[in-house]
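These values consider heavy atoms only, across backbone and side chains, with no hydrogens, waters or symmetry-generated copies. No experiment lies behind these values; they were computed from the predicted model shown. Within every chain, numbering begins at 1; the chains are lettered A, B, ... in the order of the sequence lines, protein sequences first and strands thereafter.
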Number of protein chains: 2
Amino acid sequence: MDDHNSASTELVERIAKDIQAGTFTPGSWLKQVELQRKYQASRPMIRLALDRLSQKRIIQHAQNRGYYVHEGDGDEVMELLDLRAMIECAAAHRIVANATEKHCDTLYALARDFDEKTETGSILEQYEANLIFHRELLSLSGNLQLVTLIEDLRHRIPSAPASQWQTRARVKQSSAEHFQMVEAVSRRSANDLADVMRKHILQTK
Amino acid sequence: MDDHNSASTELVERIAKDIQAGTFTPGSWLKQVELQRKYQASRPMIRLALDRLSQKRIIQHAQNRGYYVHEGDGDEVMELLDLRAMIECAAAHRIVANATEKHCDTLYALARDFDEKTETGSILEQYEANLIFHRELLSLSGNLQLVTLIEDLRHRIPSAPASQWQTRARVKQSSAEHFQMVEAVSRRSANDLADVMRKHILQTK
DNA sequence: TGTTATAAAATTGGCGCCAATTTTGGTGCA
DNA sequence: TGCACCAAAATTGGCGCCAATTTTATAACA
């Protein structure tokens, strides 16, 4: 469909992923020539990608100085997490209402998948398995806009990979919470699901 | 702070407002030369604005064909309204918890303001007075991210000014609902507030 | 008369250039 | 030695150009 669009979109996603992965730490400058080399893209492409990322609040822009990775204000991060929790909890009722037996099985499989990555996989693999689980869970709300919205919100939360997924204990707890969510869905308990989700999100600082 | 940014941001807002106002109807093409004339801006500026609007899902892009005003899929519009309702209702509890007497007075004043615009003001004035009321109400949630998020969501709902604010009856009902919201806040009834908000949002098709 | 092929016009899209601004490094002075 | 000032280098930012594609208009043909 769109050829040009896919090129720049892909570029945006690659940079965003590298920011999440910690290749570019919060506060560091994203120099255009450097990005040109790193991603083998033309200058205008890079500039477009940077503008899009700044619109998404993933990076910030300073006139005549350039773009730098957004440093999460303590309050802002809390607000974003809070907002995520609000929305996802509100979706809990829809999720349990729409979930069939088959959906539960799928969710369980994805939860197991994440759990395995916990042991063997790289941090990036863990991150992605986690994303897939949550995407599947939220899609049960029946509202596709909600799924993409939450994903956008996620991107806006500054990555601190070192602290975020640092302790194995925290990752393991996340995995355990995933199973608790699946269980709550199976039991058709919206309130329990909402509780676990809120805890899951807010603790995943 | 940002000079360049403010220029393009302003341009984006002007075009967005014109789209909301119905100057550009859903489905119509946004030709770059035309926009250049209309907004007295350079080609790259226009292109940047168009890209930003397409990222915001306000307009859509077709490779080598151009940009056109996003035509709301029936389902998509419903999902967006549904999402708005979910989030705002979830915020209802926070709102009543944070609202002081003074806040209620402010809200009442804004509700009255909208009501007056209902009689005397232009459609655009009504639209803006409505926006201000809701912004004030939502800001009581204590979460600034939520306020801007809802505003973004609003922009993504295709305007049909002719049908949206067409009937005076509907506008009057909106105004009445505003007062009901203020009353619910005053009575510290989160559930009532949530109910009115949901109704208000979903009926404002 | 309706349809297809072709050419001209219009529109979009990518790229490089150069000016404006900021940062950096060095020099002179108290 | 520390500080202020100045010049050079680096970086960003806006603009116009031209190629690629699509659309429209025209003409030829069944």
Side-chain angles (χ1 to χ4, degrees), chain A residues 1-19 22-71 158, chain B residues 1-19 22-71 158:
Chain A
M1 198 200 216
D2 356 54
D3 191 19
H4 146 265
N5 207 335
S6 69
S8 14
T9 303
E10 201 179 329
L11 183 58
V12 168
E13 284 171 358
R14 261 204 290 168
I15 299 178
K17 184 172 282 183
D18 282 340
I19 289 175
T23 308
F24 302 108
T25 57
S28 63
W29 292 94
L30 267 47
K31 305 201 177 155
Q32 299 183 4
V33 282
E34 188 185 334
L35 299 178
Q36 243 176 302
R37 282 191 299 102
K38 188 171 168 64
Y39 298 101
Q40 297 290 342
S42 69
R43 177 69 75 93
M45 282 269 197
I46 294 289
R47 276 216 264 169
L48 181 61
L50 288 173
D51 186 73
R52 286 187 182 176
L53 288 167
S54 70
Q55 291 297 307
K56 284 189 172 185
R57 315 280 175 94
I58 294 175
I59 65 178
Q60 278 189 316
H61 178 237
Q63 176 72 344
N64 285 322
R65 297 192 60 208
Y67 297 84
Y68 58 94
V69 181
H70 182 65
E71 307 172 271
Chain B
M1 201 198 215
D2 0 50
D3 191 19
H4 147 264
N5 207 336
S6 68
S8 16
T9 303
E10 200 180 329
L11 182 60
V12 168
E13 285 171 358
R14 261 204 291 168
I15 299 178
K17 184 172 282 183
D18 282 340
I19 290 175
T23 308
F24 302 107
T25 58
S28 64
W29 292 96
L30 267 48
K31 303 200 179 156
Q32 299 183 2
V33 282
E34 189 184 333
L35 299 178
Q36 242 175 304
R37 281 192 301 101
K38 188 172 169 64
Y39 299 100
Q40 298 290 345
S42 68
R43 178 67 75 91
M45 282 269 196
I46 293 290
R47 276 217 265 168
L48 181 60
L50 288 173
D51 185 73
R52 285 187 182 177
L53 287 166
S54 70
Q55 290 298 306
K56 283 190 172 185
R57 315 279 175 94
I58 294 175
I59 65 178
Q60 278 190 316
H61 179 236
Q63 175 73 345
N64 285 322
R65 296 192 61 209
Y67 297 84
Y68 58 94
V69 181
H70 181 65
E71 308 172 88

For the pair made of CG in B:Asp51 and P in C:dG13, what is the distance, rounded to whole Å? 10 Å

I'd like a list of close polar pairs between nucleotides 15-17 of chain D and the protein, N/O only, cut-off under 3.5 Å.
from, atom 1, to, atom 2, distance (Å)
D:dC15, OP2, B:Ser42, OG, 2.7

Euclidean distance, B:Lys38 NZ relative to B:Arg14 CZ, rounded to 0.5 Å: 9.0 Å

Looking at A:Gln32, I'd like to know whether one of its side-chain N or O atoms comes within less than 4.0 Å of OP1 or OP2 on D:dG13. yes

Report the distance from atom CG of A:Leu30 to atom P of D:dT11, rounded to the nearest whole Å. 13 Å

Quick one: A:Lys31 NZ to D:dG13 P, roughly how many Å, whole number? 14 Å

Atom pair distance, as rounded to whole Å: CG in A:Leu35 and P in D:dG13: 13 Å

Report yes if some heavy atom in the side chain of A:Arg65 is under 4.5 Å from a heavy atom in the side chain of A:Trp29; otherwise report no. yes

Output one line per pair: protein atom, nucleotide atom from nucleotides 19-23 of chain C, and distance, for all N/O pairs under 3.5 Å.
from, atom 1, to, atom 2, distance (Å)
C:dT23, OP1, A:Arg65, NE, 2.2
C:dT23, OP1, A:Arg65, NH2, 3.0

What orientation do B:Tyr39 and B:Phe24 show, parallel under 30°, tilted 30 to 60°, or perpendicular over 60°? tilted

How close or far is atom C1' of D:dT12 from atom CD1 of A:Ile46, stated in whole angstroms? 14 Å

At how many degrees, to 10°, do the end axes of the helix from C:dT1-D:dA30 to C:dA30-D:dT1 meet when each uses five pairs? 10°

Student check: side-chain heavy atoms of A:Arg47 and A:Asp51 closer than 4.5 Å: no

Please report the interatomic distance CD1(B:Ile15) to CD1(B:Ile46), rounded to the nearest 0.5 Å. 5.0 Å

So how far is it from A:Leu53 CG to A:Glu13 CD, rounded to the nearest 0.5 Å? 10.0 Å

Shortest non-hydrogen separation from A:Leu30 to A:Ile59 and the atoms involved: CD2-CG2, 4.0 Å

Could you tell me the separation between the CD1 atom of A:Ile58 and the CD1 atom of A:Ile19, rounded to the nearest 0.5 Å? 6.5 Å

What's the shortest heavy-atom distance between B:Ala41 and B:Leu11, and which atoms? CB-CD2, 4.1 Å

With rounding to the nearest 0.5 Å, note down the distance linking CD in B:Gln40 to CE in B:Met45. 13.0 Å

What's the separation between atom OH in A:Tyr68 and atom NE2 in A:His61, rounded to the nearest 0.5 Å? 10.0 Å

d(CD, B:Glu34; P, C:dT11) in whole Å: 9 Å

Can you check whether B:His61 has a side-chain N or O nearer than 4.0 Å to OP1 or OP2 of C:dT12? no

